[in-house]
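Notes follow the structure.
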Number of protein chains: 2
Amino acid sequence: MSEATDTKERILDTAERLFAERGLGQTSLRQITSQAEVNLAAVNYHFGSKEGLIKAVLARRLEPLNRERIRRLDRLERSGDLTLEGLIEAFIGPPLELSRDGAGGGRFVRLMGRTYTEHANFLHDHMRQANEGLVSRFKPAFREVLPELPKGELYWRLHFMVGVMSYVMAGNDMMQVLAASRGANPDDPQEIIRRMVPFLAGGLQAPLPPELQQALEEGAAEAALGSD
Amino acid sequence: MSEATDTKERILDTAERLFAERGLGQTSLRQITSQAEVNLAAVNYHFGSKEGLIKAVLARRLEPLNRERIRRLDRLERSGDLTLEGLIEAFIGPPLELSRDGAGGGRFVRLMGRTYTEHANFLHDHMRQANEGLVSRFKPAFREVLPELPKGELYWRLHFMVGVMSYVMAGNDMMQVLAASRGANPDDPQEIIRRMVPFLAGGLQAPLPPELQQALEEGAAEAALGSD
DNA sequence: GTCTATAGTATGATAGAC
DNA sequence: GTCTATCATACTATAGAC
C-alpha cells in the first residue's frame with residue numbers, strides 16, 4: 001500500500017504538471033506515465049480511466065483550497081469586520097497564494113484557471129459540484145457587504161470577478177510579461193492580489209447602469225431583484 | 001476558383017464551429033472535413049496544415065473585428081466626447097455583438113475567448129501579432145480618460161478587463177445559466193454589455209491600493225510610473 | 001482542385017503473466 | 001500492484017491517380 005500510494009502520488013503530481021503545461025486533451029497517458037516513471041497500465045489500475053485521473057488531480061487540491069477560503073470567511077465574520085475587500089481577498093487569495101507553495105501549487109492554479117474555459121462537460125459538472133459548498137457560503141456574505149446591489153446584478157458581477165480570477169490564474173505569457181516589465185515579481189501572488197482587490201472592489205460596488213437604476217425606481221424592483 | 005473558394009469557406013465555417021464547441025486540440029481534421037462534406041486532403045491542400053487552418057479561422061474574423069473597434073474609437077475621439085464608458089464599449093462591444101450575427105459569429109467569439117487560455121505557443125504569438133495594432137491604438141486612449149492612474153497600474157487593470165471579456169466570451173455553461181435564470185436573454189449581447197461596462201468602469205477607475213498610493217506620495221513616483 | 005489509399009505514428013484501454 | 005504485449009482505433013500528413 002505504501003508503494004501503491006507512492007505510485008499514485010507520482011502519477012498525480014506528474015499529471016498535474018503536464019495538464020497545466022499542455023492542457024488536458026493534449027496530454028496523453030503515455031506522457032504522464034513515462035515522466036512519472038511508472039507503468040502505463042498503472043493509471044487505469046489506480047484511477048480507472050483518464051477522466052478519473054483528471055477528477056482526482058482536481059479534487060486533491062480543490063478540497064483543501066476551498067476549506068481554506070471558507071475558513072478565512074469564518075474568521076472575517078467572527079471578527080465582526082466583514083468588509084468587501086476582505087471578502088474578495090478571502091475568495092481570491094487562497095488560490096492565488098497557492099501558486100507560491102513550492103510543491104506544484106502554481107501548476108495546479110494554472111490548471112484550475114484553464115478548467116473554466118476547457119471544453120469538457122464532465123469537467124464543468126465536476127467543478128460545479130466541487131464548488132457548490134463554496135458558492136453557497138460566499139454568496140450571502142457578498143450580499144451582506146453589498147446590500148444596495150440587486151441580487152441579479154450581484155450574481156453577474158460575481159461571475160465577472162471569477163472571470164478576472166481565472167484569467168489571472170491561467171497565467172498566460174501576457175500576464176508574466178506584464179508583471180516582469182512593471183518591475184514586479186510575477187511569481188509573487190501578493191503583488192497581483194494587491195492590484196486585483198481594488199479593481200474588483202471598484203467593479204462590484206460600481207453604480208448600477210442607468211437603465212437598470214431607472215427600472216428599479218419605477219417599481220420594477222420585484223422583477224429586477226428576482227427571487228433566487 | 002469559385003469551387004475552391006466554396007470548399008475553403010465550408011472548411012472555415014465548419015472548423016470555426018467545431019473548434020468553438022470542442023476546442024482546438026480536441027477537434028480532428030477528419031471531423032471537420034466529414035461535417036463540411038469535403039475531402040480530408042482538402043485541408044492540407046488549402047491551408048497547408050491544421051495549424052494553418054486555425055490561423056485562417058482566426059484571421060478571417062479578427063481583422064474586420066479589430067477594424068470595427070478602432071473605427072468606433074476614431075468616432076469617439078472625433079466626437080470630442082471620449083468617456084471611459086464609451087471607450088470600454090468600443091473595446092468590448094464589437095466582439096460581444098458579433099455573437100449576435102446569425103452566421104457563426106457567436107461560435108467565433110467563444111473560440112476567441114478560448115484562445116486566451118488555450119495552450120499553444122503559435123496561437124499566443126499569432127494573437128499577439130493580430131492584436132498589436134489594436135493595443136497600440138487603445139492604450140493611449142485609456143491613458144487619456146484615466147490620467148490619474150499610474151501607467152503600470154493601468155496596464156494591470158486593462159489586463160483584468162481582458163480577463164472579464166474573455167471569460168464572458170468563452171461563454172461556458174455557468175454564464176448561460178446565470179443569464180437565463182435572471183430573466184435575461186443569454187444570447188443578447190447588449191444585456192451583457194450593459195452589465196459589464198459599469199463593472200469595468202468601476203474597476204478601472206478604482207482608488208489605488210493604499211500601499212501604492214503611499215509610495216506615490218512619498219516620491220517613489222518615478223519607479224511606480226515607469227517609463228514604458 | 002479533388003479524390004482514394006495509405007504511410008507512419010499516437011492514442012486509451014485491457015488481457016494475462018508474474 | 002506491477003509489468004509486457006497488444007488490440008482497436010484514431011490521428012496528421014502525403015503520394016499519386018484523375
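Just so you know, these numbers come straight off a predicted model, no measurement behind them. Protein chains get the first letters and strands the later ones, always in sequence-line order, with residue 1 at the start of each.
Side-chain contact between Glu51(B) and His126(B) is absent, with no heavy atoms from C-beta onward closer than 4.5 Å. Residues Phe91(B) and Leu73(B) are not in side-chain contact: their nearest non-hydrogen atoms beyond the backbone lie 4.5 Å or more apart.
Atom NE2 in His46(B) sits roughly 8 Å away from atom C1' in dT2(C) (whole-Å rounding). For the pair Ile32(B) CD1 and dA13(D) P, the interatomic distance rounds to 11 Å; values are reported in whole Å. The separation between Asp6(A) atom CG and dT2(D) atom C1' is 14 Å, rounded to whole Å. Taking atom CZ of Phe47(A) as the reference point, atom C1' of dA13(C) lies 16 Å away to the nearest angstrom. The distance between atom CD of Glu9(A) and atom P of dG1(D), rounded to the nearest whole Å, is 14 Å. Residue Leu53(B) contributes atom CG, which lies 15 Å from atom P of dC11(D) at whole-angstrom precision. Between the CZ atom of Arg30(A) and the C1' atom of dT9(D) there is a distance of 12 Å, rounded to whole Å. Computed from coordinates, the Gln26(A) CD to dA10(C) P distance equals 16 Å when rounded to whole Å.
Residues Tyr45(B) and Tyr45(A) both approach DNA chain C. Their nearest nucleotides, taken by heavy-atom distance, put Tyr45(B) toward the 5′ side.
Set against dT2(C), dC11(D), dA13(C), the side chain of Lys50(A) has dA13(C) as its closest nucleotide. Distances were taken from every side-chain heavy atom of Asn44(B) (C-beta onward) to each of dT2(C), dA13(D), dA13(C); the shortest belongs to dA13(D). For Leu29(A), counting side-chain heavy atoms from C-beta on, the closest listed nucleotide (dT2(C), dA13(C), dT14(C)) is dA13(C). Counting only heavy atoms from C-beta on, Ala41(B) has its side chain closest to dT4(C) among dT4(C), dA13(C), dT2(C). For Gln31(A), taking side-chain heavy atoms from C-beta onward, the closest of the listed nucleotides dA13(C), dT11(C), dG1(C) is dT11(C).
A salt bridge links Arg195(B) to Glu153(A): at least one charged side-chain nitrogen sits closer than 4.0 Å to a carboxylate oxygen. Arg17(B) and Asp13(B) are not joined by a salt bridge, as no carboxylate oxygen comes within less than 4.0 angstrom of a charged side-chain nitrogen. Using a cut-off of 4.0 Å between Lys/Arg side-chain N and Asp/Glu carboxylate O, Glu63(B) and Arg67(B) are scored as not salt-bridged.
Residue Asn39(A) has no polar side-chain atom (N or O) positioned under 4.0 Å from OP1 or OP2 of dT2(D). Contact annotation: Ser28(A) reaches the phosphate of dT11(C) (side-chain N/O to OP1 or OP2, under 4.0 Å). Residue Thr7(B) places at least one side-chain N or O under 4.0 Å from the OP1 or OP2 atom of dT2(C).
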